[in-house]
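One is the number of the first residue; the rest follow in order along the sequence.
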Amino acid sequence: MSNVVGKTVCVTGASGYVASWLVKQLLLRGYNVNDSVRNPNDPRKTQHLLALEGAENRLKFFKADLLEEGSFDSVVEGCEGVFHTASPFFNDVAELIDPAVKGTLNVLNSCAKAASVKRVVLTSFIAAVAYERKPRTPDVVIDENWFTDPDYCKGLKLWYVISKTLAEDSAWKFAKEKGIDMVAINPAILNLFKGAQTFPNESVGWVNVKDVANAHIQAFEIPSAAGRYCLVERVAHYSELVNILHKLYPCLHLPQN
């Protein structure tokens, strides 16, 4: 897929953090991009995207709701690739699960009806891979063959992890049933501190959002791409990341070590 000029792709939830970087890179590569947002008239959701290079001529916004069946039909129509990055948001995290699954299936159902769609790239989460009951001995390697155990996560009250796991599981089953060519990207994602006074005393996986966006594009463009791709650049303690952010962005309100 080296010649992308004139090709149209769709990004769901385009105003999100990962999705915004994905839209930027797609436009820079020459794609026409259909973006779905809940409210195209909200400048807080669209202004930063409209300012991107290439947006004036090759970026188009669509109003779509993850929980509304058929809402994405017009968004994916004429698209060769669909990048499903959107996730529903609810204040009560326990209410995330059913909407996450339903939203993913609604998007995939629209893809199944669109003859133009050649591949779907699903944004999942490394946590949908890693939470198994297997012992974490030094010789154990977590890879794409792992799949998080939702029952195990319920005991830990990890509702967001459960929602992403069940959404991805449902997506794989639906894709197989409908014959959809799908690739999943499972990145370690940083939920920025947003004014928090403290940070967890733990080490986790991290990855650069630019690499995540590029991985999505590679998953679409490279014909041999298949299955799941775990993206973790390195494992580091939260304190190390806080120190790096303090140096790079001294004006940000971040927790003190």
Side-chain angles (χ1 to χ4, degrees), residues 1-4 6-14 16 18-19 22-23 26 29 31-36 60 62 64-88 97-129 143-150 162-187 212-231:
M1 302 181 186
S2 56
N3 183 16
V4 304
K7 290 183 185 290
T8 301
V9 295
C10 161
V11 178
T12 69
V18 171
L22 175 56
V23 171
L26 287 167
R29 291 176 76 88
Y31 285 99
N32 299 317
V33 183
N34 289 356
D35 283 359
S36 80
K60 188 175 181 181
F62 290 79
D65 188 332
L66 279 173
L67 303 184
E68 184 180 328
E69 192 172 343
S71 182
F72 287 83
D73 288 359
S74 60
V75 189
V76 305
E77 186 178 352
C79 294
E80 291 192 27
V82 174
F83 299 91
H84 178 41
T85 72
S87 291
I97 299 172
D98 288 342
V101 173
K102 182 180 179 182
T104 296
L105 294 180
N106 279 342
V107 172
L108 288 178
N109 196 45
S110 293
C111 294
K113 292 187 284 186
S116 61
V117 175
K118 295 180 179 178
R119 176 170 287 175
V120 176
V121 180
L122 174 73
T123 307
S124 189
F125 189 23
I126 194 64
V129 175
D143 62 21
E144 69 278 5
N145 295 309
W146 285 48
F147 218 101
T148 287
D149 181 347
I162 295 169
S163 74
K164 295 298 284 187
T165 301
L166 294 180
E168 187 188 340
D169 185 47
S170 299
W172 282 116
K173 290 173 180 173
F174 187 88
K176 184 177 180 180
E177 177 188 337
K178 298 291 185 180
I180 296 173
D181 181 355
M182 190 180 87
V183 179
I185 302 294
N186 297 70
V212 175
N214 185 57
H216 280 71
I217 297 173
Q218 295 296 304
F220 170 62
E221 291 185 345
I222 298 174
S224 60
R228 309 163 89 202
Y229 292 90
C230 303
L231 304 184

How long is the straight-line distance from [atom2] of [Y] back to [atom1] of [X], given to the nearest 0.5 Å?
| X | Y | atom1 | atom2 | value |
| --- | --- | --- | --- | --- |
| Phe125 | Ser163 | CZ | OG | 9.5 Å |
| Tyr31 | Glu221 | OH | CD | 3.5 Å |
| Trp172 | Phe147 | CH2 | CZ | 8.5 Å |

**Message:** Within the structure provided, determine whether His216 and Val11 are in side-chain contact (heavy-atom separation under 4.5 Å).
**Reply:** no
**Message:** Would you say that Thr104 contacts Phe174 through its side chain, given a criterion of any heavy-atom pair below 4.5 Å between the two side chains?
**Reply:** no
Kindly say whether [Y] contributes a backbone atom to a donor-acceptor pair with the side chain of [X] at under 3.5 angstrom?
| X | Y | value |
| --- | --- | --- |
| Thr85 | Thr12 | yes |
| Arg228 | Asp143 | no |
| Arg119 | Ile222 | yes |
| Arg29 | Ile217 | no |
| Ser71 | Asp65 | yes |
| Ser36 | Phe62 | no |

**Prompt:** Step by step, would you call Thr123 with Ile185 a side chain to side chain contact (heavy atoms under 4.5 Å, CB included)?
**Reply:** CA-CA 5 Å; Thr123 307; Ile185 302 294; 5.6 Å; no
**Message:** Checking Lys60 against Thr8 for the side chain to side chain contact (heavy atoms under 4.5 Å, CB included) test, could you report, in this order, the C-alpha distance in whole Å, the side-chain angles of both residues, the deciding distance, and whether it holds?
**Reply:** CA-CA 10 Å; Lys60 188 175 181 181; Thr8 301; over 6 Å; no
Can you see which heavy atom on [X] is nearest to which on [Y], and at what distance?
| X | Y | value |
| --- | --- | --- |
| Asn186 | Ala128 | ND2-CB, 4.2 Å |
| Val101 | Ala167 | CG2-N, 3.8 Å |
| Ser124 | Pro187 | O-CD, 3.6 Å |
| Cys230 | Ile126 | CB-CD1, 3.7 Å |
| Gly6 | Asn32 | O-ND2, 3.4 Å |
| Pro150 | Leu166 | CG-CD2, 3.7 Å |

**Asked** How about Glu69: does its CD atom have over 12 heavy atoms from other parts shown lying under 6.0 Å from it?
**Response** no
Going by atom type alone, with no hydrogens or angles, which donor-acceptor pairs under 3.5 Å involve a side-chain atom of residues 105-115 and a protein atom two or more places apart or on another chain?
unit_1	atom_1	unit_2	atom_2	d
Asn106	ND2	Leu66	O	2.8
Ser110	OG	Asp73	N	3.3
Ser110	OG	Asp73	OD1	2.6
Ser110	OG	Asn106	O	3.4
Lys113	NZ	Asp73	OD1	3.3
Lys113	NZ	Asp73	OD2	2.9

**Qualifying residue for side chain to side chain contact (heavy atoms under 4.5 Å, CB included) with Met182, from Val82, Val121, Val120** = Val120
**Request:** Let me see the working for Glu168 and Leu122 under side chain to side chain contact (heavy atoms under 4.5 Å, CB included), right down to the final yes or no.
**Result:** CA-CA 8 Å; Glu168 187 188 340; Leu122 174 73; 3.9 Å; yes
**Prompt:** Stepwise, does the side chain to side chain contact (heavy atoms under 4.5 Å, CB included) test hold for Leu26 with Phe83?
**Reply:** CA-CA 11 Å; Leu26 287 167; Phe83 299 91; 4.0 Å; yes
